[in-house]
Amino acid sequence: MDFDNIDEPDHEFEEEYIRNPKVFDGLNPKQVEAVECLDGPLLIMAGAGSGKTRVLTCRIANLLAHGIAPWNILAITFTNKAANEMKTRAEKMIGEPAKSVWLSTFHSFCAKILRFEIEAVKGYSKNFSIYSTGDSKMVIRDCVRELELDEKRFSSTAVQSRISNAKNALLNAKAYKNAVLMSQVQSDYEWAVADIYELYEKRLLALNAMDFDDLLLVTVRLFENNEDILDQYQEKFRYILVDEYQDTNKVQYRLMKLLAAKYENVCVVGDADQSIYGWRGADLNNILSFEADYPGATVIKLEQNYRSTKLILEAANAVIQNNIYRKPKNLWTNNPEGEKITVFEAFTEYYEALKIADEIKELKSQGIPYSDIALLYRINAQSRSLEEAFMRAGIPYVIIGGLKFYDRLEIKNILAYLRLISNPQDNMSFKRIVNVPKRGIGTTTIIKLQDFAEKHEISIFEVISNSWLLNQIELTPRMKQNIRGFASFILDCIDQKNKLPVDEYIKYILENSGYMLELKTDQKPEDEARIENLGEFVNVAKEFANQNEDATLEDFLNHISLISDLDVINEDENLVSLMTVHSAKGLEFPVVFITGMEEGLFPHVRSLMDERQLEEERRACYVAITRAKRKLYITHAASRSTFGNSKKSDCSRFLTEIPMAYLDVYKQLIDKSRATPSFINVSRSQMPSAVKNIAKSNTARSKANALSLEAKIRMKAAKSKSKAEINMTKRWKQGDRIKHKKWGEGIVLDVYGLGTEREMKVKFLEEEVGIKTLQLKFAPIEKLKD
DNA sequence: GCCAGAGTATTTTTT
DNA sequence: ATACTCTGGC
C-alpha cells in the first residue's frame, strides 16, 4: 500500500492569505477563509474529513493572534474526546495561552458555570451532586414506587427517557404537565409520567442533585432569569465556537443563542450528513436555519476530504445519496484511489469475530500496528464476541466507551462516599454506601431512618449525625452504635476534606472506611479486579490533583461525573480500538472494520418502521465508512444470536447500496475439518466455478435489493406526481427559499411524509409568523431562486 | 440482616 | 446468555 502522501493537504492557496504562517500553514483557500473570518456569525459546513478540527484550532490561534484574550473565547464540543483533542492541538500550536481558553463539552461548561452561579437558583447549593443516568433511574424508580404505579409499565428506563426528552425540549415538570393537559390525546400514561416527573424534580432538589439534562436546563433558566449574570458571561465569552452543531438540541441551541446574543461572534461547525443524535433531541433545524437565525451570517463550505481514499469516499457518497431528506453536497478528494473494500460474510457472529482476528494478525504481519485499526459496531452488546475472539488470538485491544467508568460497582461506591461527604443531603449516595462495607445496617433500618427524615424534611445524614434526632427512632442500642460509628466516620472525613490532595484523600477513605479491608479479606473472585479498578481510580485522582493544584473535592467530582470512559486513549499503547459507531464520530483510523452489517442490526430493528430514523441509521453508516483512511472492511454474519437463540439475518441494505465494483467479497466455506474458518473470494473477477452459483445469487440479490429500493423511491415520486398539484411535482428540500401568498418569504426547515400527505415545515422571515407546517397539496407557495 | 437460588428483563446509539 | 431484582429460609 502506498499512502505516504495521504495526509498532505493542498498548497494551492493564494499568497495574500498568508499572514501568520503558523496559523495558516497548509490550509486550503476555503479553510483560510474560515480561519480569517473572526467577527460576526459564521457557519462552516464541514464534510467528513475536511480538516474541521484543524480549522477550529487555527481559528482560535488566529483570534489570539489578533489580540483577543484567551479567556474571552469559548469553544464547545460534544464529547470529552473531542474537547481533549482540540485542547492538545491548540496547546501545541499556541502554547501556554491556549490553556486559558474555555474549551469544554456542553455539560462540563454548564457544570462549571453552575458551581459559580448556583446561589442564584433557588433551592440548590454549590456542592450539588451530578447524577449519572443510572443514579437518576434509581431516583425515578423510587418515585414510581412512591406513587404506587406499576413498575413494569413505568420502567425507570422508559420514564427516564420521557423526562429526558422533556428536559431537552426545555420543559420542566410544570410545563410538561401543561403540555399533556393541552394535547389532544391525553393518555393516562402521559399523565402518570407527568406526575413522576413532578415528584422526581422535587426529589432531586431535596437531594441537592442534578441529572445530566438539568445541567443544561438549569443553566438556561439561570441566564433567562438573571440578566446581570447573563450579561457578565456575554461579556466574557465574546467569541464562541460550537463544534458538531448538527447535534445540538433545543436546550443547547437556546444556551448558545443567549450567550451569543450580544456580540454575535458565533462560529458553528457541522455536517448535516453526520447528524446521528436525533434520538436524544438533536434538531437538524438548528444548523439548517442558522442563516435565518443570524441574518448576514457568513457561510463557508469545506468539501475537500483529506482523510480517505477515493474509493472509500465514493462508497460513503453512494450510501448517503439514498437519503431523501438531504441537501446534496459534493465531497471530493485528491487522495489515491486506494484498495477495494473487503467484505466478509461469515456463518455466525462467532466466525465473523474469528475471521476479523485472523485478518488483523495478517495486517500486523504486514507491519500495520494494532493502534491503526478500529472495529466499529452498532450496539455495545456486539463487543462481546469480538472480545472473546481477540482474547483467544492474543490481540491487545481497548474498548472505548461502553463499559462506563462510573458504572462499575466499586467506582460507584467510592464516588458515593465522596458525594455524601461533599453533599450530605445526597440520600442516594448515603443509601448506597451506608452498608458498604457491611456494618450491619440493613434495609429495614434504612427505611426507618428515611421515613423519619422525610417526615421532618431533613436529610438522612442529618438524622444520624445528631444523637438527639437518632434517639427519636426506635432502634436497638446495638444498631444505634453501628449507625453512630458510620456517622462519625463521615463527619471525620468531612473534617479532613481538602486537607489532603484528592488521591491521598481517596486512599484515606478506602482504608478507614474498611471497604478496602473487606475487599481484601472476602475471597470473592471479582474482588481482585475491584481492587485494581480502585487503584486505577486513585491514579486518575492523582493525575487530576497534579494538573489542578488547588482543586477541591467538588472540582474533582465535577470532572469525574462528566467523564464517560477512561478517555485518555493511550496512544503509545499498541491496541486495537473497539467502539460503537456513535463514539467513533470525530475519529479516524487507517484501517476500519465495520461489523454486523445486517438488516435489523445496522440498520437497527427499532428504526425500520420510521423513514426518518432509517435515514439517521444511514447517516450513522456514513459516519462509520468515513472514519477509514486507507482500508475498509465490512463484515456480516448469516445468522446471529440474541438473547441466547440464533436468528438468520440478511446483509444490510447499506452494503447493497455500495456499487459491487468497489467491493471484494469473501464468503465463508463449509469446512468443518478446519479450526480456522476458510473464506473464498466471490467477486466476479476471480470467481472459481465451484462457487459461481453462490456468487451469482449473491449479486442477483444485491441487484434486486438495489432495484427494489430504487423502485420504491420512484414509486414515491410517481405517487406524488399523480396528485398533479404543481407543488407536488417540485422537489422541495431543506434550505429552499420559498414565498407564501399570505406569509411572505421563508426557509424550508423540513420536508416529510409521502404522496398527498407530504408536508413541510417552513420558517418565515416575518417574526410574528414564525414556523408553520404546510400541506404541499394546498399551500399557495412558490420556490425562489437562491 | 444475610445469602443463595429463582425469576426477570435486557440490546440502540451518549453527556 | 447474562445481569439484576426478589424471595424465603437461616
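Lettering of chains follows the sequences in order, A, B, ..., and the numbering in each one begins at 1.
Listed pair A/Arg153 / B/dA9 fails the phosphate criterion, with no side-chain N or O lying under 4.0 Å from OP1 or OP2. A/Asn80 has no side-chain polar atom (N or O) that falls below the 4.0 Å cut-off from OP1 or OP2 of B/dT14. Considering only side-chain N and O atoms, A/Thr580 lies under 4.0 angstrom from the phosphate OP1 or OP2 of B/dT14.
Note on A/Ser108: nothing from the nucleic acid sits closer than 4.0 angstrom, heavy atoms only. Among the atoms of the strands shown, none is found under 4.0 Å from any heavy atom of A/Ser132. When heavy atoms are screened at a 4.0 angstrom cut-off, A/Ser155 is found touching no nucleic acid atom at all. Using a 4.0 Å heavy-atom distance criterion, A/Phe106 is classed as making no nucleic acid contact.
In this structure, of B/dT15, B/dA9, B/dT10, it is B/dT15 that holds the atom nearest to the side chain of A/Phe212. Each of B/dC2, B/dT11, B/dT14 was ranked by its minimum atom distance to the side chain of A/Lys438; first place goes to B/dC2. Relative to the side chain of A/Ser583, the nucleotides B/dT14, B/dT12, B/dT15 differ in distance, and B/dT14 lies closest. Of all nucleotides listed (C/dT5, C/dC6, B/dT14), C/dT5 comes nearest to the side chain of A/Arg141. Distances from the side chain of A/Ile379 to the nucleotides B/dT15, B/dG1, B/dT11 place B/dT11 closest.
Distance A/Asp214 CG to B/dT15 P: 18 Å, rounded to the nearest Å. Here the P atom of nucleotide B/dT14 and the CD atom of A/Gln246 are 16 Å apart, to the nearest Å. Atom CD of A/Glu616 and atom P of B/dT13 are 13 Å apart (whole Å). We find that CG of A/Asn380 is positioned 5 Å from P of B/dT13, with the value rounded to whole Å. Computed from coordinates, the A/Lys585 NZ to B/dT15 C1' distance equals 13 Å when rounded to whole Å. Put simply, NZ on A/Lys152 is 7 Å from P on B/dT8, counting in whole angstrom units. Between A/Arg439 atom CZ and B/dC2 atom P there is a gap of 12 Å when expressed in whole angstrom units. The distance from atom CD of A/Gln481 to atom C1' of B/dG1 is 18 Å, rounded to the nearest whole Å.
Stacking here means ring centres nearer than 5.5 Å and ring planes tilted less than 30 degrees, and by that measure A/His604 stacks onto B/dT12.
Across every non-hydrogen atom of A/Thr595 and A/Leu375, the tightest pair is CG2-CG, 4.4 Å.
Nearest-nucleotide assignment on DNA chain B puts the 5′-proximal partner with A/Thr443, out of A/Thr443 and A/Gln613. Checking A/Arg606 against A/Asp213, the closest nucleotide of DNA chain B that is more toward the 5' end is the one next to A/Arg606.
A cation-pi geometry, defined here as NZ or CZ lying under 6.0 Å from the six-membered ring centre and within 45° of its normal, holds between A/Arg115 and A/Phe128. Within the cation-pi definition used here (under 6.0 Å to the ring centroid, within 45° of the axis), A/Arg162 does not qualify as a partner of A/Tyr197.
The closest side-chain donor-acceptor pair between A/Asn413 and A/Tyr515 falls under 3.5 angstrom. A/Gln246 and A/Ser275 share no side-chain donor-acceptor pair at under 3.5 Å. A donor and an acceptor atom, one from each side chain of A/Ser641 and A/Glu349, are located under 3.5 Å apart.
Within 3.5 Å, a donor on the side chain of A/Thr133 pairs with an acceptor on the base of B/dT15, or the reverse. With hydrogens and angles ignored, a donor-acceptor pair closer than 3.5 Å exists between the side chain of A/Trp279 and the base of B/dT13. One can find a donor-acceptor pair under 3.5 Å joining the base of B/dT12 and the side-chain atoms of A/Arg378.
A distance of about 15 Å separates the P atoms of B/dT13 and C/dC4, rounded to the whole Å.
Summarising the geometry, atom CG belonging to A/Asp213 is positioned 3.5 Å from atom OG belonging to A/Ser164; distances are rounded to the nearest 0.5 Å.
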